[in-house]
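A quick write-up on the structure given underneath.
Each chain gets a letter, A, B and so on, in the order its sequence line appears, and its residues count up from 1. Nothing here was measured: the structure is a model prediction, and the numbers come from that model.
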Protein chains: 2
Amino acid sequence: MRRDVFQAIADPTRREIINLLAEKPLHLNAIADNFEISRPAISQQIKILIACGLITVKKEGRERYCELKFEKLNEVSKWVEQYRSFWTNKLDTLDNYLSEKTEVKPKTNKK
Amino acid sequence: MRRDVFQAIADPTRREIINLLAEKPLHLNAIADNFEISRPAISQQIKILIACGLITVKKEGRERYCELKFEKLNEVSKWVEQYRSFWTNKLDTLDNYLSEKTEVKPKTNKK
DNA sequence: TAAATGCGTAAGTGTTTGCTTACAAATATA
DNA sequence: TATATTTGTAAGCAAACACTTACGCATTTA
């Protein structure tokens with residue numbers, strides 16, 4: 001059974017879970033509340049995200065808090081960004097890219 | 001049948017095909033030469049990459065040249081980069097990221 | 001202590017995936 | 001024209017996937 005980040009983010013439900021956890025850690029039922037599918041279904045998706053290292057779990061009483069490991073997404077980022085020069089050079093969207101990035105990472109020109 | 005970029009890049013073979021085509025366009029047999037699996041298997045993978053817009057095909061005689069549409073990867077980039085600030089701020093791997101990027105895109109500080 | 005809550009997992013199911021071999025169509029070459 | 005080359009696709013198959021219901025185990029609450 002393959003368990004890498006690329007396979008993990010291929011599923012829309014799992015990407016949505018990631019999106020939820022990006023805001024703040026949530027326990028399993030709180031996550032499941034956002035979906036139509038059953039609680040065990042979410043539990044299984046969480047299991048996959050844990051297996052590939054995208055989230056970790058903290059036990060608190062009977063609740064399990066899921067926390068996103070953002071840095072695991074770096075694997076995807078590194079893979080996709082190696083091709084960036086090609087499409088930015090070709091389409092001249094470099095400016096858009098830089099201005100977009102500035103929003104999230106203002107320290108582009110570090111001293 | 002879902003055909004989005006995330007699902008397309010989930011498969012290692014398809015990522016390898018993308019990697020090959022990043023260097024230069026290739027016709028189908030030339031691609032297949034790089035893999036152990038059969039030619040029809042590659043043909044089917046190519047079909048998926050076409051369906052989601054990651055490659056286009058140019059007919060030349062009896063050969064079909066596959067060309068990578070780099071910019072389609074922007075969908076993945078946009079999704080993953082929205083979370084970058086979280087992991088860079090947290091782990092202070094910004095420097096690594098920037099030096100890595102410099103390798104592939106030397107014109108970061110365009111005049 | 002009994003009931004409720006939060007969760008994991010087993011078992012079952014229909015669908016999708018990724019491959020194979022076999023075949024056919026289009027184009028190039030002898 | 002006969003043959004070789006490049007490719008697409010159909011059919012079949014085993015494995016993986018994404019869900020469901022059912023159940024059991026901790027933990028908390030009444």
Side-chain angles (χ1 to χ4, degrees), chain A residues 1-21 24-69 72 76 79, chain B residues 1-21 24-69 72 76 79:
Chain A
M1 209 185 308
R2 207 158 39 81
R3 278 295 166 256
D4 59 82
V5 188
F6 290 95
Q7 186 262 351
I9 66 170
D11 184 79
T13 302
R14 286 194 290 267
R15 284 204 301 282
E16 185 60 29
I17 292 175
I18 288 172
N19 205 47
L20 286 169
L21 294 179
K24 62 171 184 287
L26 293 170
H27 62 99
L28 197 135
N29 275 346
I31 297 172
D33 284 345
N34 295 274
F35 298 89
E36 303 264 290
I37 59 178
S38 70
R39 198 251 328 147
I42 297 296
S43 185
Q44 287 158 16
Q45 299 288 31
I46 297 282
K47 198 178 176 182
I48 291 170
L49 293 170
I50 294 170
C52 80
L54 265 169
I55 71 177
T56 54
V57 178
K58 276 176 191 159
K59 197 177 161 184
E60 270 183 41
R62 58 187 165 188
E63 294 176 340
R64 303 287 199 283
Y65 273 86
C66 301
E67 200 174 321
L68 183 57
K69 304 298 281 183
K72 191 69 185 176
V76 180
W79 183 82
Chain B
M1 208 186 309
R2 204 158 42 81
R3 279 295 165 257
D4 60 81
V5 188
F6 289 94
Q7 186 261 351
I9 66 168
D11 184 79
T13 301
R14 285 194 291 267
R15 285 202 302 282
E16 184 59 29
I17 292 175
I18 289 172
N19 204 48
L20 285 169
L21 294 179
K24 61 169 183 290
L26 294 171
H27 61 99
L28 197 136
N29 276 346
I31 297 172
D33 284 345
N34 294 273
F35 297 90
E36 301 265 291
I37 60 178
S38 71
R39 199 255 324 150
I42 297 295
S43 185
Q44 286 158 16
Q45 300 288 32
I46 297 281
K47 198 178 177 182
I48 290 170
L49 292 170
I50 294 170
C52 78
L54 264 169
I55 72 177
T56 54
V57 177
K58 276 177 192 157
K59 197 177 161 183
E60 271 183 41
R62 58 189 165 186
E63 294 176 339
R64 303 288 200 283
Y65 273 87
C66 301
E67 200 174 320
L68 184 58
K69 304 299 280 183
K72 191 70 185 175
V76 180
W79 183 81

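The side chain of B:Thr13 sits closest to C:dC19 out of D:dC19, C:dC7, C:dC19. Minimum atom distance to the side chain of B:Arg62 is reached by C:dT27, of the listed C:dT20, C:dT27, D:dA18. Set against D:dA18, D:dT20, C:dC7, the side chain of A:His27 has C:dC7 as its closest nucleotide. Closest to the B:Leu28 side chain, of the nucleotides D:dT20, D:dT7, C:dT20, is D:dT7. Comparing atom distances between the A:Asp11 side chain and each of D:dT9, D:dT20, D:dA18 picks out D:dA18 as nearest. When distances are taken from the side chain of A:Lys47 to each of C:dT9, D:dT7, D:dT27, the shortest belongs to C:dT9. For B:Glu63, the side-chain atoms get nearest to D:dT6 when compared with the rest of D:dT6, D:dC19, C:dC19. Of all nucleotides listed (D:dC23, C:dC19, D:dC17), D:dC17 comes nearest to the side chain of A:Gln7. The B:Ser43 side chain lies nearest to D:dG8 when the options are D:dG8, C:dG18, C:dC7.
Between the CG atom of B:Leu49 and the C1' atom of C:dG18 there is a distance of 13 Å, rounded to whole Å. Between A:Ile42 atom CD1 and D:dT20 atom P there is a gap of 9 Å when expressed in whole angstrom units. Between the CD1 atom of A:Ile48 and the P atom of D:dA16 there is a distance of 13 Å, rounded to whole Å. Atoms CD (A:Gln44) and P (C:dG12) sit 15 Å apart, rounded to a whole Å. A:Glu16 places its CD atom 16 Å from the P atom of D:dA18, with the value rounded to the nearest Å. For the pair B:Ile46 CD1 and C:dC19 P, the interatomic distance rounds to 12 Å; values are reported in whole Å. Atom CD1 in B:Ile50 sits roughly 12 Å away from atom P in D:dT7 (whole-Å rounding). Atom CG of B:Leu26 is separated from atom P of D:dT6 by 14 Å (rounded to the nearest Å).
For C:dT27, one of the phosphate oxygens OP1 or OP2 lies less than 4.0 angstrom from a side-chain nitrogen or oxygen of B:Lys59. For B:Asn29, a side-chain nitrogen or oxygen approaches OP1 or OP2 of D:dT7 to under 4.0 Å. For the OP1/OP2 pair of D:dC19 and a distance below 4.0 Å, the side-chain nitrogens and oxygens of A:Ser38 include no atom meeting the criterion.
For the residue pair A:Gly53 and A:Lys69, the shortest heavy atom distance occurs at O-CB, 3.6 Å. Residues B:Glu67 and B:Pro25 come closest through the heavy atom pair CG-CG, 4.0 Å. The two atoms that bring B:Cys66 and B:Val57 nearest to each other are SG-CG2, 4.3 Å, heavy atoms only. In terms of heavy atoms, B:Phe35 sits closest to B:Ile42 at CD1-CD1, 3.6 Å.
Across the interface with DNA chain C, nearest-nucleotide mapping of B:Arg64 and A:Tyr65 shows A:Tyr65 to be the residue nearer the 5′ end. The residue among A:Arg14 and A:Pro40 whose nearest nucleotide of DNA chain D lies closer to the 5′ end is A:Arg14. The residue among A:Glu60 and A:Ile37 whose nearest nucleotide of DNA chain D is located toward the 5' end is A:Ile37.
Using a 4.5 Å cut-off on side-chain heavy atoms (C-beta onward), A:Glu16 and A:Asn34 make no contact. By the 4.5 Å heavy-atom criterion applied to side chains, B:Trp79 and A:Val76 are not counted as neighbours.
B:Arg39 contributes a side-chain N or O that forms a donor-acceptor pair with the base of D:dG8 under 3.5 Å.
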